[in-house]
Amino acid sequence: MEQKITAQQGEEAESKAFLDKPKLKERKKSRLSPINIRRWQNFKANKRGFWSLWVFLILFFLSLFSEFIANDKPLLVQFDGQYYSPVFKVYPETTFGGEFETEADYRDPFVKELIEKKSGRIFWPLIRYRYDTINLDLPVPAPAPPSAENWLGTDDQGRDVVARLLYGFRISVLFGLVLTLISSVIGVFAGAVQGYFGGWVDLIFQRVIEIWTSVPSLYLLIIIASIIEPTFWILLFILLLFSWVALVGVVRAEFLRGRNFEYINAARALGVSNSKIMFKHLLPNAMVATLTFMPFILNGSIATLTSLDFLGFGLPPGSPSLGELLAQGKANLQAPWLGISGFLVIAVMLSLLVFIGEAVRDALDPRKTFQ
């Protein structure tokens, strides 16, 4: 009896402490439930993860506009009283008084002179190189060291390292996000069916997963890369075939644990359909563990793409790839800026994701209470 009273007093004390917070009015206005408010407060309490989220979002947001930050086309051209936007539209050289019908090369001194004759102006982005732009005016053979023109130097083909890092960061994160989201949806659905029905469904499914996970995915990628050139979507599909099993075990365990709860049995007795029980009553409990693992799955997806690019079985040659930059650093030890810059970007990106994952884990931990 004393233990029950003590537990009840503890819950009342925690509720009173929660209600005594200075932002009580904001909580009342918020549409979030008390448990979600507590989770958000626990997430913010993890300062490292909270600020890592902001840093990662800012970097990812900037990378989404890479064409406006690093490009070999001007943002705006003023010519003969009119304005042109080469970033959005292709203009032939004849538009500026040239001779050819092909797209104007704005880095060509001849085109610059044509524009300046009409009192025109060229407004360049911060970095005047795209990820595939080759600097033909290097004072030394490529790879060139860092300079005022190329802040982190160039690779062995004369391409700007900063531009390749910016575009490579974007494609790595987008690839990881797409792979994580699609594989999570498939894994959650498979784990839900396996855990809810149990019995022979669970037994057969487990044997299929054991056989499927024993297939060497790296060898399969090598075989496919020798037959066809892997593109972004082909590579995504191949990795998706093996990455969806990451969440099956977690979701399966949650559904096996909750399928015999009293409120689930009561729902069955009332005639509620299996699909409604699975996705309305059991899935919210399983999503807590799923959301905890998702940042780490994203981390692993990006690391997998980087590893494949480093080995030469990833994105097509010439693509802005962080793994390919590391491979160039390995092949050109006399140019340490290649390996160091690629390593730092990958290390910072993966570290931020790990810190965010730790904060999400703390936020969803029911044993943690906001202090």
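Two residues are said to be in side-chain contact when any heavy atoms from C-beta on lie closer than 4.5 Å; Pro295 and Leu353 fail this criterion. Inter-residue side-chain proximity for Trp212 and Trp244 is flagged as met; some heavy-atom pair is nearer than 4.5 Å. At a threshold of 4.5 Å between non-hydrogen side-chain atoms, the residues Phe100 and Thr94 do not count as touching. Leu322 has its side chain out of reach of Ile171: every pair of non-hydrogen atoms, C-beta onward, lies at least 4.5 Å apart. With contacts defined as side-chain heavy-atom distances shorter than 4.5 Å, the pair Ile264/His281 qualifies. Using a 4.5 Å heavy-atom threshold, the side chains of Ser85 and Leu75 count as separate. Using a 4.5 Å heavy-atom threshold, the side chains of Thr95 and Pro92 count as touching. Phe242 is not listed as a side-chain neighbour of Thr213, based on a closest heavy-atom distance of 4.5 Å or more.
Within the 3.5 Å criterion, the main-chain N or O of Leu177 finds no donor-acceptor partner in the side chain of Thr180. Counting only distance, with no hydrogens or angles, the side chain of Asn150 and the backbone of Pro146 share no donor-acceptor pair below 3.5 Å. Remark: the backbone N or O of Ala144 is paired with a side-chain donor or acceptor of Thr154 at under 3.5 angstrom. Of the possible polar contacts, none joining the Ser319 side chain to the Leu315 backbone as a donor-acceptor pair under 3.5 Å is found. A donor-acceptor pair is defined here as one N or O able to donate and one able to accept, closer than 3.5 Å; such a pair exists between the side chain of Gln328 and the backbone of Asp156. Thr133 places a side-chain N or O within donor-acceptor distance of the main-chain N or O of Arg130, the cut-off being under 3.5 Å. With hydrogens and angles disregarded, no donor-acceptor distance shorter than 3.5 Å links the side chain of Asn332 to the backbone of Gln334. Looking only at distances, no side-chain donor or acceptor of Trp337 sits under 3.5 Å from a matching main-chain atom of Asp155.
Taking CD1 of Ile340 as the reference point, atom CG of Leu326 lies at 11.5 Å (rounded to 0.5 Å). In this structure, Arg170 CZ and Leu59 CG are separated by 14.0 Å, a value rounded to the nearest 0.5 Å. Between the OG atom in Ser183 and the CG atom in Leu298 there is a gap of 9.5 Å [rounded to 0.5 Å]. Between atom CG of residue Leu235 and atom CG of residue Leu239 there is a gap of 5.0 Å, rounded to the nearest 0.5 Å. For the atom pair CD1 (Ile209) and CZ (Arg207), the distance works out to 9.5 Å, reported to the nearest 0.5 Å. Taken from OG in Ser66 to CG in Leu166, the straight-line distance is 3.5 Å, to the nearest 0.5 Å.
Looking at every heavy atom in both residues, Leu338 comes nearest to Pro143 through CD1-CB, 4.3 Å. In terms of heavy-atom proximity, Pro74 sits nearest to Val87 at O-CG2, 3.1 Å. Taking both residues in full, the closest heavy atoms of Leu165 and Ser341 are given as CD1-CB, 3.9 Å, listed atom of the first, atom of the second, then distance. Heavy-atom minimum distance, Gly314 versus Asp309: CA-OD1, 3.0 Å. Scanning all heavy atoms of the two residues, the minimum distance from Ala163 to Ala70 falls at CB-CB, 4.0 Å. Smallest separation of non-hydrogen atoms from Asp202 and Arg252: OD1-NE, 2.7 Å.
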Side chain to side chain contact (heavy atoms under 4.5 Å, CB included) between Val185 and Leu181, intermediate numbers included: CA-CA 6 Å; Val185 171; Leu181 291 177; 5.6 Å; no
Side chain to side chain contact (heavy atoms under 4.5 Å, CB included) assessment of Phe205 paired with Phe197: CA-CA 11 Å; Phe205 222 121; Phe197 292 102; over 6 Å; no
Intermediate values then yes/no, side chain to side chain donor-acceptor pair (under 3.5 Å), Asn135 and Asp160: CA-CA 8 Å; Asn135 188 354; Asp160 187 75; over 6 Å; no
Audit row: Phe50, Leu53, side chain to side chain contact (heavy atoms under 4.5 Å, CB included) steps and yes/no: CA-CA 5 Å; Phe50 178 73; Leu53 175 63; 5.5 Å; no
Side chain to side chain contact (heavy atoms under 4.5 Å, CB included) between Ile356 and Phe56, intermediate numbers included: CA-CA 9 Å; Ile356 294 171; Phe56 180 80; 4.0 Å; yes
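One hydrophobic cluster holds both Tyr263 and Met278 under the rule that ILVMFWY side chains link at heavy-atom gaps under 4.5 Å. Side-chain heavy atoms closer than 4.5 Å link hydrophobic residues (I, L, V, M, F, W, Y) into clusters, and following such links, even through other members, never connects Leu247 to Phe296. Residue Leu256 is not grouped with residue Phe293 when hydrophobic side chains (ILVMFWY) are merged at heavy-atom distances under 4.5 angstrom, including chains of intermediate members. Hydrophobic clustering of Ile, Leu, Val, Met, Phe, Trp and Tyr side chains at less than 4.5 Å, counting indirect connections, unites Leu291 with Val178. Clustering ILVMFWY residues whenever any of their side-chain heavy atoms sit less than 4.5 angstrom apart, transitively, puts Val354 in a cluster other than the one holding Val360.
Under a cut-off of 6.0 angstrom, the local environment of CZ in Arg268 is crowded, with over 12 non-hydrogen atoms contributed by other residues, nucleotides or ligands.
Arg107 forms a cation-pi arrangement with Tyr129, by the criterion of a distance under 6.0 Å to the ring centre and an angle within 45° of the ring axis.
For the ring pair (Phe, Tyr, Trp, His ring centres under 6.0 Å) test, residues two or more places apart in sequence or in another chain that qualify with Phe61 are Phe65.
Between Glu67 and Lys73 no salt bridge is recorded (no basic side-chain N to carboxylate O distance below 4.0 Å). A salt bridge is defined here as a Lys NZ or Arg NE, NH1 or NH2 lying under 4.0 Å from an Asp or Glu carboxylate O, and Glu254 with Arg259 fails to meet this definition. Looking at Asp132 and Arg159, no side-chain N of the basic residue comes within less than 4.0 Å of a carboxylate O on the acidic one, giving no salt bridge.
Note: Trp124 and Tyr106 fail the aromatic proximity criterion, with ring centroids not under 6.0 Å apart.
Within the structure, ring pair (Phe, Tyr, Trp, His ring centres under 6.0 Å) pairs that include any residue of residues 141-169 comprise Tyr131-Tyr167 (at least two apart or interchain). Screening residues 74-95 for ring pair (Phe, Tyr, Trp, His ring centres under 6.0 Å) gives Phe68-Phe88, Phe79-Phe96, Tyr84-Tyr91, Tyr84-Phe96 as the qualifying pairs, with residues at least two apart or on separate chains.
When only modelled atom types and interatomic distance are considered, Asn46 and Asp362 share a side-chain donor-acceptor pair under 3.5 Å.
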